[in-house]
Amino acid sequence: MPLADLVPDAAELFGDWPTEPRIYHHGEHAFDSLLTMAEVDALIDHDCLPNRNVRLIRDGETVDDREYSANPDMPNPGAVRRYLDDGCSLSIRRLQTIKPSLSVLRREVARETGYETHFNAYLTPPKQHGLRYHFDPYVTLVLQIHGSKIWPLHRPFVEHPVEEYENFRRRGFTPSEREYLATTAPEQEITLNAGDVLWLPRGWVHSPHNRTGTQPSLHLTFALKQRTLHWAAEEVAGVLTRHLLDDSEARDGIPPTQLLDKPEAIVEDVRGILVGALMNMDTAEMAATLRRAALAESPSPAPRLR
C-alpha cells in the first residue's frame, strides 16, 4: 500500500508539502487490511500487548505503568481492559512492531519519501478525552479506523518544530499560550469518521476527543518525520569530520596551553580545515550518501574529496 492509497494527491504533495490540514474520505472499511477494532480488542483481551507498547491516558496525562504492571515486561492480566472500562484511553506505541501490515506500509512509505516513520494507535472510550492540547514535531496522518473523533485545531505557536528544537515534550506551553488555548475557540474543529484521513502538519496544536461519541473511537497516527536542511548539514558534517581522521595533523594533540589560553587560534584552524573540506567535496558522491542516509540503506564508503 503506497502513500497514494491513503492520500490520493500524494504525487503533488511530494513536491510541495502542505502546511494546512487536509481531509480525505475513504470507505468505512478502507483500512481493514491495516487494522480493525476486533484485532485491537483481541490484543487487549488476550494480554498480548507488552509494556513497551502500552501507554494508558487518564485525564489527559500518562498513567504511571507501575499502577498496572507488577513486572517490567507485561501489564497485569486484564489490567488494560479494566483501565479502558474506567474511562482511560489507550495508546499502542510503535504498532508496526506488532502488526505486519503496518510494518510493510511503513517501509513502503519510507522508501517513497526518505522519511522516518512510525505508527501509534489510540483507543478512546465513549464520552472520554484523549491527550490534552499538544503538538508534534512531525507530519501526522490520522486514519480513523472505528467510531469517530473530534479534532480541535489551533495554528502552530512554533514554526517548524523538530525533535531537537522546541519539541513540545520539553518546552510545553508558555503561560500566554496556555491562556490563549483556554480562552480562544479552535480555528478548525474536524470530525473524523471511519475511513477518513486527516493530514496534520507538524506544529498544529490539537486535543482530539470522543466526548460526544456513543462507541469507542480507534484511530491510527502515521508519523512522517520530515528531513530538514539541519539534518542534511549534520550528515554532511559527519562525513567531513570522518574524513579528517585520515589526516595525521588533524589527529595530533592540542597542547593544554593552546587549548585553554588560545582557543581562538584552534577555532581558526578548524574553520580553515572545514571550509577546505567543503570546497573539495565531491558533491555528486555526497548527494548519493545523503540519499542512502534518508533511505536508511546499508552504509557505504564515505564520498571522497577531490
Side-chain angles (χ1 to χ4, degrees), residues 2-4 6-24 55 57 60 62 91-96 102 105-122 130-144 149-174 176-178 180-181 184 186-190 192 196-209 219-235 290 293-296:
L3 188 60
L6 307 177
V7 180
D9 54 353
E12 171 193 336
L13 305 189
F14 286 165
D16 188 14
W17 223 231
T19 57
E20 299 281 334
R22 295 188 181 187
I23 304 174
Y24 305 89
R55 295 291 185 275
I57 302 163
T62 300
S91 171
I92 307 176
R93 317 296 290 178
R94 305 282 174 174
L95 193 55
Q96 76 275 1
L102 296 180
L105 175 59
R106 183 192 69 81
R107 288 196 301 271
E108 288 183 353
V109 173
R111 283 195 297 268
E112 284 185 289
T113 61
Y115 292 171
E116 291 185 76
T117 60
H118 71 259
F119 279 100
N120 295 332
Y122 292 85
L131 292 169
R132 301 301 181 186
Y133 274 122
H134 66 284
F135 59 85
D136 298 312
Y138 41 73
V139 171
T140 302
L141 279 182
V142 181
L143 284 61
Q144 189 69 29
K149 204 158 211 176
I150 297 174
W151 288 74
L153 303 177
H154 291 270
R155 288 192 171 275
F157 294 126
V158 178
E159 186 177 17
H160 306 320
V162 292
E163 290 281 354
E164 305 85 357
Y165 178 80
E166 296 285 41
N167 189 329
F168 178 77
R169 290 196 303 272
R170 288 192 286 270
R171 82 182 286 279
F173 291 122
T174 66
S176 62
E177 289 167 352
R178 287 196 293 271
Y180 175 86
L181 293 172
T184 306
E187 177 168 317
Q188 300 183 41
E189 189 165 86
I190 296 170
L192 295 183
D196 290 345
V197 174
L198 170 63
W199 177 284
L200 188 63
R202 59 182 162 135
W204 277 73
V205 180
H206 54 283
S207 178
H209 65 82
H219 74 264
L220 281 170
T221 59
F222 188 11
L224 301 172
K225 301 178 182 180
Q226 290 173 281
R227 305 297 189 182
T228 64
L229 282 176
H230 177 266
W231 168 84
E234 283 191 322
E235 292 292 326
L290 275 182
L295 296 174

S.K.: Is there a side chain to side chain contact (heavy atoms under 4.5 Å, CB included) between Leu290 and Arg227? Walk through the geometry before answering.
M.R.: CA-CA 10 Å; Leu290 275 182; Arg227 305 297 189 182; over 6 Å; no
S.K.: Indicate whether the side chain of Arg93 and that of Ser91 have a donor and an acceptor atom separated by less than 3.5 Å.
M.R.: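 Note: Arg93 and Ser91 side chains meet the donor-acceptor criterion.
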S.K.: State, yes or no, whether a side-chain contact exists between Trp204 and Thr140 at a heavy-atom distance under 4.5 Å.
M.R.: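 Result no, sub-4.5 Å side-chain heavy-atom pair not found.
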S.K.: Minimum heavy-atom separation for Thr117 and Ala110, please, with both atom names.
M.R.: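 Smallest heavy-atom distance, with atoms named: OG1-CB, 4.4 Å.
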S.K.: Decide yes or no for Pro21 and Leu153: does some side-chain heavy atom of the first lie under 4.5 Å from some side-chain heavy atom of the second?
M.R.: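 When only atoms from C-beta onward are counted, Leu153 and Pro21 do touch, with a gap below 4.5 Å.
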S.K.: To the nearest 0.5 Å, what is the distance between OG1 (Thr174) and CZ (Phe157)?
M.R.: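 Answer rounded to 0.5 Å: 7.0 Å.
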S.K.: Measure from the side-chain N and O atoms of Arg106 to the backbone N and O of Phe119, and report whether any donor-acceptor pair falls under 3.5 Å.
M.R.: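 It does not hold such a pair.
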S.K.: Is it true that a side-chain atom of Asp196 and a backbone atom of Gln144 form a donor plus acceptor pair closer than 3.5 Å?
M.R.: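 The answer is no, because no donor-acceptor pair under 3.5 Å joins these two groups.
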S.K.: Please work out which of the three classes, parallel, tilted or perpendicular, describes the rings of His134 and Phe168, given edges at 30° and 60°.
M.R.: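 Answer is tilted, since the angle falls between 30° and 60°.
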S.K.: If you take all heavy atoms of Gly130 and Ile57, which pair is closest and at what distance?
M.R.: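 Heavy-atom minimum between the residues: O-CG2, 4.0 Å.
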S.K.: So, for Leu3 and Phe14, which heavy atoms are closest and what is the spacing to 0.1 Å?
M.R.: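 Closest pair (atom of Leu3, atom of Phe14, distance): CD2-CE2, 3.6 Å.
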S.K.: Using the ring pair (Phe, Tyr, Trp, His ring centres under 6.0 Å) rule, take Trp199 and Phe222 through it: C-alpha gap first, then chi angles, then the decisive distance, then the call.
M.R.: CA-CA 10 Å; Trp199 177 284; Phe222 188 11; over 10 Å; no
S.K.: Using a 6.0 Å cut-off, check whether atom CZ of Arg170 has over 12 heavy atoms from anything other than its own residue.
M.R.: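 Atom CZ in Arg170 is packed in, count exceeds 12.
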S.K.: Check whether the side chains of Tyr165 and His160 place a donor and an acceptor atom closer than 3.5 Å, and report yes or no.
M.R.: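 No, His160 and Tyr165 have no side-chain donor paired with an acceptor closer than 3.5 Å.
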S.K.: Are more than 12 heavy atoms from other residues, nucleotides or ligands located less than 6.0 Å from atom CD of Glu189?
M.R.: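 More than 12 within 6.0 Å, yes.
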S.K.: Quick one: are Asp136 and Thr221 in side-chain contact, heavy atoms under 4.5 Å?
M.R.: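 No, side chains not in contact.
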S.K.: When rounded to the nearest 0.5 angstrom, what distance separates NE2 in His206 from CG in Leu131?
M.R.: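 Those atoms lie 7.5 Å apart.
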S.K.: Please step through side chain to side chain contact (heavy atoms under 4.5 Å, CB included) for the pair Val7 and Leu13, ending with a clear verdict.
M.R.: CA-CA 9 Å; Val7 180; Leu13 305 189; 3.3 Å; yes
S.K.: For the residue pair Leu143 and His219, establish whether any side-chain heavy-atom pair is separated by less than 4.5 Å.
M.R.: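 Of all side-chain heavy-atom pairs linking His219 with Leu143, none is under 4.5 Å.
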S.K.: If we only count heavy atoms from C-beta on, is the Val197 to Val142 side-chain gap below 4.5 Å?
M.R.: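 No, too far: nothing below the 4.5 Å cut-off.
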S.K.: Apply side chain to side chain contact (heavy atoms under 4.5 Å, CB included) to the pair Leu200 and Trp151, showing each step before the final yes or no.
M.R.: CA-CA 10 Å; Leu200 188 63; Trp151 288 74; 4.2 Å; yes
S.K.: Could Arg155 and Glu20 be called an ion pair, given the rule that one side-chain N must be under 4.0 Å from one carboxylate O?
M.R.: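 Answer for the salt bridge query: yes.
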S.K.: If every non-hydrogen atom of Leu224 is compared with every non-hydrogen atom of Tyr138, which pair is closest and at what distance?
M.R.: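 Smallest heavy-atom distance, with atoms named: O-CB, 3.4 Å.
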S.K.: Regarding Glu177 and Arg171, does a basic nitrogen lie under 4.0 Å from an acidic carboxylate oxygen?
M.R.: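 Here Glu177 pairs with Arg171 in a salt bridge, since their nearest N and O are under 4.0 Å apart.
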S.K.: Nearest 0.5 Å, please: how far is CG in Leu192 from CD1 in Ile150?
M.R.: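 Result: 10.0 Å between the selected atoms.
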S.K.: Nearest 0.5 angstrom please: Arg107 CZ to Arg111 CZ, how far?
M.R.: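 Arg107 atom CZ to Arg111 atom CZ measures 7.0 Å (nearest 0.5 Å).
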S.K.: Determine the minimum heavy-atom distance between Pro8 and Tyr24, stating which atoms define it.
M.R.: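 Closest heavy-atom pair between Pro8 and Tyr24: CD-CD2, 3.4 Å.
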S.K.: Heavy-atom distance under 4.5 Å between the side chains of Ile23 and Ile190, does that happen here?
M.R.: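 Contact flag for Ile23/Ile190 side chains = yes.
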S.K.: Compare every heavy atom of Gly203 with every heavy atom of Pro161, then report the nearest pair and how far apart it is.
M.R.: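 Minimum heavy-atom contact is CG-CA, 3.7 Å.
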S.K.: Out of curiosity, Glu116 CD to Trp231 CH2, how far, rounded to the nearest 0.5 Å?
M.R.: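 Those atoms lie 9.5 Å apart.
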S.K.: Is there side-chain contact between His154 and Tyr133, with heavy atoms separated by less than 4.5 Å?
M.R.: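 Yes, their side chains come closer than 4.5 Å.
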S.K.: Determine whether Pro156 and Phe135 make a side-chain contact, defined as any pair of heavy atoms from C-beta on separated by less than 4.5 Å.
M.R.: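 Heavy-atom side-chain distance check fails, nothing below 4.5 Å.
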S.K.: Take Gln96 and His118 through the test side chain to side chain contact (heavy atoms under 4.5 Å, CB included) and record every step on the way to the result.
M.R.: CA-CA 7 Å; Gln96 76 275 1; His118 71 259; 3.7 Å; yes
